[in-house]
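Below is one structure, written out as structure tokens, with a few remarks after it.
The analysis underlying the following values was restricted to heavy atoms, covering all of them including side chains, and did not include hydrogens, waters or symmetry mates.
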Amino acid sequence: MKIFYKKAFMLITAGLLSLSLFAKEKVSFVTEKVPGDKELVIYVTANDWGPSVDKIVFNTGKEIKPEEIEVDEFEISKEKRRESNHDSRTDWQEIELEADDVYCSDGYGNKVAGSSKYLTAVFNNLPDSENCSPFAGSLIKGVNNVYGYRIENDDLDLNIYKMAGMVNPLGAKFKTSEFITDQYKMSYAFYNPPKKADKTPLIIWLHGISEGGNNPYVAMFGIKSVNLASEEIQKYFKDGASVLIPQCPTAWLETTTLDANGMRVWEPIDIAGTINKYVNPVKGILGMLTNIPVNQIVEEKPLAKTSYYTESLMALIETYLDLNPYIDRNRIYIGGCSAGGYMTLNMLIEKPGFFAAAIPTCEVYVNNKITDKEIQELAKVPVWFVQAKNDGTAKPAVYVSPTFERLENAGASNVHLSMYEGVFDKTGKYLAKKDDDDDPDKVYEYNGHYSWIYVLNNDPNEDGKSIFEWLSEQKKYSR
């Protein structure tokens with residue numbers, strides 16, 4: 001796999017962590033909201049395939065009759081203000097949107113028969129829809145702020161752009177903050193169940209590479225991890241479970257290894273595996289001469305193995321536990337997808353004995369970098385891997401399959417693997433092609449790497465027990 005680098009100026013020096021929290025909360029989502037005069041409210045949906053704005057309710061400030069509405073006369077755009085001028089209309093980056101319908105409604109977007117000062121625009125978003133996300137950019141593009149929205153209609157003399165709120169009931173359950181270290185800020189979102197009962201478990205979810213940055217709502221909605229606060233998952237925990245969703249400033253794959261140019265090498269690469277092809281035969285000869293096992297002659301940590309964010313993530317977790325003392329330290333669960341799957345295994349390896357169980361999904365931790373000694377430790381932890389056979393990014397033969405086999409051979413008594421043929425829509429909402437005459441009912445198939453869709457919908461099942469039901473039963477193992 002391609003070697004990734006990140007500019008050294010972003011994260012250049014290691015040091016002690018400042019264990020302080022950014023006190024200001026930034027809560028952007030609400031359960032419901034009625035827009036004020038000449039304001040708009042956007043309704044965000046957390047889909048399996050990512051976030052979308054499916055409805056915008058706006059207050060025109062005057063009564064509009066249904067017969068006055070011409071959908072084609074509405075110009076709807078989402079706009080990202082440039083840093084140079086936050087007030088200039090001409091200095092906005094603009095993306096045009098096309099509404100399926102615009103109608104008179106009440107303040108919550110429910111259609112009404114008569115005239116109203118509230119109008120609602122609806123959009124029909126599908127997995128392949130462009131420009132449906134409310135979040136501007138990603139790790140790859142640089143900035144991931146929230147778009148602004150503007151609705152114009154010259155015939156009705158409308159120019160509405162003041163956002164009153166973003167509606168998503170699950171998103172409204174979360175709060176956000178920032179964890180400060182000496183080198184950077186790590187944004188995070190968190191949910192605590194209302195009861196806050198003693199011995200409440202904690203679920204930590206680590207996002208993939210595309211959700212890094214400084215807006216934790218991207219980590220929540222980009223892969224639907226907001227669903228961890230849903231009743232469908234929370235019901236397995238007696239009084240509910242706390243949820244912590246940290247957001248990496250770059251990507252969990254950034255390691256402590258520096259290249260010749262002083263730039264951090266990104267996992268996953270298999271430098272160690274390549275070197276060992278030449279080193280192991282020599283070690284084998286030395287082993288025969290000295291009667292010392294090969295792995296004991298030279299046991300060094302493989303290059304580009306340990307995440308640069310290991311200590312800061314651990315410090316965030318510890319600080320969060322200190323702030324919420326009712327959380328059961330014997331029931332701390334960790335999981336994540338893709339780069340977050342790598343980070344899940346990284347934390348199990350680097351912090352042995354801390355986590356009660358793990359659910360690494362489409363993980364990209366190179367099997368060759370896990371030592372036999374580490375496998376013995378990992379075998380003590382309840383782990384449920386989830387993967388798709390046709391995953392071209394986290395190829396099973398390189399990552400999960402050999403690691404799972406080694407764990408079984410090491411005597412792991414509570415290790416599971418859900419291996420799907422592919423990643424298919426299970427909602428019944430989407431078809432592969434509506435005009436596919438050969439198979440008009442063929443369901444939509446996602447990229448094979450997206451197996452987190454199954455996990456965050458609690459689909460993996462073994463012997464009649466779902467993955468989150470299983471997770472709720474796990475407690476820290478005795479060492």
Side-chain angles (χ1 to χ4, degrees), residues 1 46-50 126-128 203 205-211 221-228 230 232-233 236 268 333-345 348 357-367 378 381-408 412 414-433 436 439 441-472 474:
M1 184 173 286
N47 305 288
D48 288 340
W49 44 270
L126 299 171
D128 293 323
I203 302 172
W205 183 263
L206 307 174
H207 60 77
I209 194 171
S210 295
E211 290 76 40
F221 284 86
I223 49 176
K224 201 180 173 181
S225 52
V226 67
N227 210 44
L228 293 169
S230 69
E232 292 84 353
I233 290 175
Y236 293 108
Y333 311 125
I334 189 166
C337 59
S338 191
Y342 154 79
M343 193 61 173
T344 298
L345 288 181
L348 293 182
I359 47 176
T361 305
C362 54
E363 56 93 359
V364 288
Y365 199 112
V366 178
N367 172 66
L378 285 175
V381 188
V383 179
W384 192 322
F385 295 91
V386 180
Q387 184 76 37
K389 289 181 181 178
N390 64 343
D391 190 335
T393 301
K395 296 179 180 179
V398 178
Y399 304 103
V400 67
S401 293
T403 300
F404 179 74
E405 183 179 353
R406 290 173 67 193
L407 287 170
E408 285 195 312
N414 197 354
V415 61
H416 310 266
L417 171 59
S418 293
M419 182 70 76
Y420 290 87
E421 292 294 328
V423 183
F424 298 89
D425 172 57
K426 300 191 75 171
T427 66
K429 295 180 180 179
Y430 312 117
L431 299 178
K433 289 183 180 179
D436 190 339
D439 189 0
D441 297 324
K442 184 178 180 181
V443 299
Y444 185 87
E445 182 175 2
Y446 294 97
N447 184 303
H449 189 48
Y450 295 1
S451 50
W452 57 77
I453 290 176
Y454 290 126
V455 173
L456 294 170
N457 283 292
N458 196 35
D459 187 80
N461 192 290
E462 189 171 301
D463 298 328
K465 185 172 292 185
S466 71
I467 191 168
F468 280 99
E469 182 180 3
W470 168 86
L471 191 70
S472 69
Q474 308 310 312

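- Counting heavy atoms from C-beta outward, Thr344 and Ile359 have side chains that stay 4.5 Å or more apart.
- A distance of 13.0 Å separates CG in Leu206 from CD in Glu363, rounded to the nearest 0.5 Å.
- Side-chain N or O atoms of Asn47 include none that pairs as donor or acceptor with a backbone N or O of Trp49 at under 3.5 Å.
- Remark: the His207 side chain and the Ser225 side chain contain no N/O donor-acceptor pair separated by less than 3.5 Å.
- From Asn461, atom CG reaches atom CH2 of Trp470 across 13.0 Å, with rounding to the nearest 0.5 Å.
- Minimum interatomic distance between Cys362 and Ala394 (heavy atoms only, all atoms of both residues): O-CB, 3.5 Å.
- A search for side chain to side chain contact (heavy atoms under 4.5 Å, CB included) contacts involving Glu462 returns Trp384, His416, not counting sequence neighbours.
- Put simply, the residue from Val386, Thr361, Ile233 that forms a side chain to side chain contact (heavy atoms under 4.5 Å, CB included) with Ile467 is Val386.
- For the pair Gln387 and Ser401, the minimum side-chain heavy-atom distance is 4.5 Å or more.
- Residue pairs that meet the salt bridge (charged side-chain N to carboxylate O under 4.0 Å, His left out) test with at least one member in residues 419-432, sequence neighbours left out, are Lys389-Glu421, Lys426-Asp459.
- Considering every non-hydrogen atom in both Val366 and Pro268, the closest pair reads CG2-CB, 3.9 Å.
- Asp391 places no side-chain N or O within donor-acceptor distance of the main-chain N or O of Lys395, the cut-off being under 3.5 Å.
- Within the 4.5 Å cutoff, the side chain of Pro360 has heavy atoms near those of the Val383 side chain.
- For the pair Ala46 and Phe221, the tightest heavy-atom approach, listed with the atom from each and the gap, is CB-CD2, 3.7 Å.
- Not a single donor-acceptor pair under 3.5 Å links the side chain of Glu408 to the backbone N or O of Glu405.
- Residues Tyr333 and Trp205 form no side-chain contact, since every pair of their non-hydrogen atoms from C-beta on lies 4.5 Å or further apart.
- The closest side-chain heavy-atom distance from Ile453 to Tyr420 is not below 4.5 Å.
- Counting heavy atoms from C-beta outward, Met343 and Ile334 have side chains that stay 4.5 Å or more apart.
- In this structure, Leu228 and Leu456 have side chains that are in contact, with non-hydrogen atoms separated by less than 4.5 Å.
- Contact detail for Ala358 and Leu348: the closest heavy-atom pair is CB-CD1, 3.6 Å.
- The CG atom of Asp48 lies 6.5 Å from the OG1 atom of Thr427; values are rounded to the nearest 0.5 Å.
- Minimum interatomic distance between Cys337 and Ile223 (heavy atoms only, all atoms of both residues): SG-CD1, 3.4 Å.
- Close placement of the Tyr450 and Trp452 rings is indicated, their centers lying within 6.0 Å of each other.
- Considering only residues two or more places apart in sequence or on other chains, Phe385 meets the ring-ring contact (aromatic ring centres under 6.0 Å, His included) condition with none of them.
- Expressed to the nearest 0.5 Å, how far CG of Leu471 lies from CG of Asn458 amounts to 9.5 Å.
- Listed by first and then second residue, the salt bridge (charged side-chain N to carboxylate O under 4.0 Å, His left out) pairs involving residues 443-452 amount to none (not counting sequence neighbours).
- Listed by chain and number, the residues in a side chain to side chain contact (heavy atoms under 4.5 Å, CB included) with Ser472 are Tyr236, Phe237, Arg331 (sequence neighbours excluded).
- Side chain of Tyr399 to backbone of Tyr342: no donor-acceptor contact under 3.5 angstrom is found.
- Legend: residues meeting ring-ring contact (aromatic ring centres under 6.0 Å, His included) with Tyr444, ordered by chain and number and at least two apart, are Tyr446.
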